[in-house]
Engineer: 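My structure is below; once you've seen it, I'll send some questions.
Everything numeric in this text was worked out from a predicted model, so none of it was measured. Numbers restart at 1 for each chain; the letters A, B, ... are given by sequence-line order, proteins then strands.
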There are 2 protein chains.
Amino acid sequence: MARHDDTRLPRLAVCTDLVILTVRPPSVQVLLIERAQDPFAGRWALPGGFVQPEQDLRSAAQATLVAKTGVEIGRAHLEQLASFGHPSRDPRMRVVSVAYLAMVADPPAAIPGSDAKKAEWVDIESVDRSALAFDHPQILAAGIERAMAKLEYTTLATSFCGSEFTIGELRSVYETVWGTTLDPANFHRKVLASAGFVVPTGSTSIKTKGRPAKTYRAGSAETLVPPLQR
Amino acid sequence: MARHDDTRLPRLAVCTDLVILTVRPPSVQVLLIERAQDPFAGRWALPGGFVQPEQDLRSAAQATLVAKTGVEIGRAHLEQLASFGHPSRDPRMRVVSVAYLAMVADPPAAIPGSDAKKAEWVDIESVDRSALAFDHPQILAAGIERAMAKLEYTTLATSFCGSEFTIGELRSVYETVWGTTLDPANFHRKVLASAGFVVPTGSTSIKTKGRPAKTYRAGSAETLVPPLQR
DNA sequence: AAAATAGTGTCTTTGAGACATTATCTA
DNA sequence: TAGATAATGTCTCAAAGACACTATTTT
């Protein structure tokens, strides 16, 4: 059985890695950094960092999220994704990664910071996933899959929209993430029929084309009953 | 930014804790141990253990699962649940716990092993959740919630059944976990209509009462389209 | 006016639930 | 035979999708 005598415990670290997504129709984008240091210097990777002593896992993820996107907490969705702990996933030493999934709306340019040469929003279609550092191909895949699935049965899509949005903008989030087209009329009715999904602001948006649309804010509901289907 | 110079990294360990569930109508049961050692000696807790060097997270969880239940791998469902890493969740030192959720069918008596005075299957209704050691109340809640949710849109319920089961047995899993009653006729039709949910064995089960039921094995599908509703 | 998008109305089809009916066993 | 559970059939109602139609803007 495992002992907890800490002098016998191996050297080990915990980090967080983030799959930060945004939707810019017709693309879903992920924030990637080009690593400044070894291991994997020069390679693209998910942003992340070691969890500091006395730092909660979520706080660590939040710190990375804010540092890389420049987006205020509270204007982004952040949830734990999964943990990855293969003994040799990091060549330096054993590092268990607690991955987080974040969604932000219309972020400014990504911020490289000290650990990256570059930081960029990249279309997920054009990412050479297998070239990512560490086991980040796996983490990215898990993040994208989770995001796609959660759109169906949660109100998460609103976190890809700004504070005010039209039903058409919300629909384009779904269409972009799922790579499908949805009937505008039926989508409209279904969204308004889901209690707590969106609340009207009373004003309308000015667009370049077509009839101006009423705008909405995200509602208080988190789950979508009934779910929206793909 | 985080440094990776390992001499500066704090002492830290990673463990796995398991929410192991089984269904014995009319109860859902969870495997709990009574801790043999401090901290929390004498208190009930989820089974778990430290992750050993060179041991994968899943392997660590699997080892605990087999050790406590006596069930062969392959006859149990095991999935990662979430990670819990509050800095003071363990009074000894910083310990990040990667929690796993397991489901087993009709297990034998639980095995205490060396780290527990007792190990028992306990009805989840009768667990004094707030008395559990560490942050295990939170982990248990997350496990139960996940299990209940996944019955709806996955074929997971079959992992609470033996290798061969009747539709009625499968239905009682749903009824037990959700605490509801389901229409036997409609349930029957919906299960058989879900492609890949169950496959007929060709034989029938002998029961004490009523007409003998055809038996089925778990099918190859993992997700349930359309989902079964509560 | 034409084009584009927002929003509403309506019809059809599908699927879920309620419940009756038939089948096959044990006590 | 009575009672119990399995399995099938049928009816009704509600929701989803297809699509026609109206509304309001820009060019």
Engineer: To the nearest Å, how far apart are A:E169 CD and C:dA4 C1'?
Structural biologist: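 Taking atom C1' of C:dA4 as the reference, CD of A:E169 is at 16 Å.
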Engineer: Is there a ring pair (Phe, Tyr, Trp, His ring centres under 6.0 Å) between B:F197 and B:Y216 once you walk through the steps?
Structural biologist: CA-CA 10 Å; B:F197 193 0; B:Y216 296 84; 10.0 Å; no
Engineer: Could you check how far CG of B:L224 sits from P of C:dG15, rounded to whole Å?
Structural biologist: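 Roughly 14 Å, once rounded to whole Å.
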Engineer: Are B:Y153 and A:Y153 close enough that their ring centers fall under 6.0 Å?
Structural biologist: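 Under 6.0 Å, so yes.
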Engineer: Can you confirm whether or not the ring centre of A:F84 sits under 6.0 Å from the ring centre of A:F134?
Structural biologist: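 No, too far apart.
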Engineer: Taking side chain to side chain donor-acceptor pair (under 3.5 Å) as the definition, give me every residue that meets it alongside A:E152, ordered by chain and number, with sequence neighbours left out.
Structural biologist: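 With neighbours one apart ignored, the set is A:R230.
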Engineer: Find the distance B:L182:CG to D:dT5:C1' and express it as a whole number of Å.
Structural biologist: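 Computing the B:L182:CG to D:dT5:C1' distance gives 16 Å.
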Engineer: Taking only nitrogen or oxygen atoms into account, show me every contact under 3.5 Å that the protein makes with nucleotides 15-22 of chain D, one pair per line with its distance.
Structural biologist:
{"residue": "D:dG17", "atom": "OP2", "partner": "A:K190", "partner atom": "NZ", "Å": "2.9"}
{"residue": "D:dA18", "atom": "N7", "partner": "A:N186", "partner atom": "ND2", "Å": "2.9"}
{"residue": "D:dA18", "atom": "N6", "partner": "A:N186", "partner atom": "OD1", "Å": "3.2"}
{"residue": "D:dA18", "atom": "N6", "partner": "A:R189", "partner atom": "NH2", "Å": "3.2"}

Engineer: Under 4.0 Å from any atom of DNA chain D, heavy atoms only: list the residues of residues 213-222 of chain B that qualify, in numerical order.
Structural biologist: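 DNA chain D contact set from residues 213-222 of chain B: B:A213, B:K214.
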Engineer: Nearest of D:dA7, C:dC25, C:dT5 to any side-chain atom of A:K209?
Structural biologist: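 Output: C:dT5.
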Engineer: Measure the distance from CD1 on B:I167 to P on D:dA7 and round it to the nearest whole Å.
Structural biologist: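 Whole-Å distance recorded here is 7 Å.
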Engineer: Counting only heavy atoms not in B:E222 (residues, nucleotides, ligands), do more than 12 fall under 6.0 Å from its CD?
Structural biologist: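 No, CD of B:E222 has 12 or fewer neighbouring heavy atoms, counting only those of other groups under 6.0 Å.
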Engineer: Report the C-alpha separation of B:S205 and B:T215 in whole Å, then their side-chain angles, then the decisive distance to 0.1 Å, and conclude whether the side-chain hydrogen bond (donor to acceptor under 3.5 Å, both in side chains) test is met.
Structural biologist: CA-CA 6 Å; B:S205 91; B:T215 61; over 6 Å; no
Engineer: Whole-Å distance between C:dA16 P and B:Y174 OH?
Structural biologist: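 Between P of C:dA16 and OH of B:Y174: 13 Å.
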Engineer: Thinking salt bridges, do A:D106 and A:R24 make one under a 4.0 Å N-O criterion?
Structural biologist: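 Salt bridge flag = yes for A:R24 with A:D106.
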Engineer: Backbone N or O of A:A45 within a donor-acceptor pair of the A:H136 side chain at under 3.5 Å?
Structural biologist: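 No; zero donor-acceptor contacts below 3.5 Å.
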Engineer: How many Å lie between CG on B:L192 and P on D:dA6, as a whole number?
Structural biologist: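 The distance from CG of B:L192 to P of D:dA6 comes to 13 Å, rounded to the nearest Å.
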Engineer: Name the closest nucleotide to the A:H188 side chain, picking from C:dG7, C:dT24, D:dT24.
Structural biologist: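 Selected nucleotide: C:dG7.
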Engineer: Would you say that more than 12 heavy atoms from the other residues, nucleotides or ligands in this model lie under 6.0 Å from the CZ of A:R75, or not?
Structural biologist: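 Not more than 12 within 6.0 Å, no.
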Engineer: Rounded to whole angstrom units, what separation is found between the CG atom of B:L170 and the P atom of D:dA6?
Structural biologist: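 Checked: the CG to P distance equals 12 Å.
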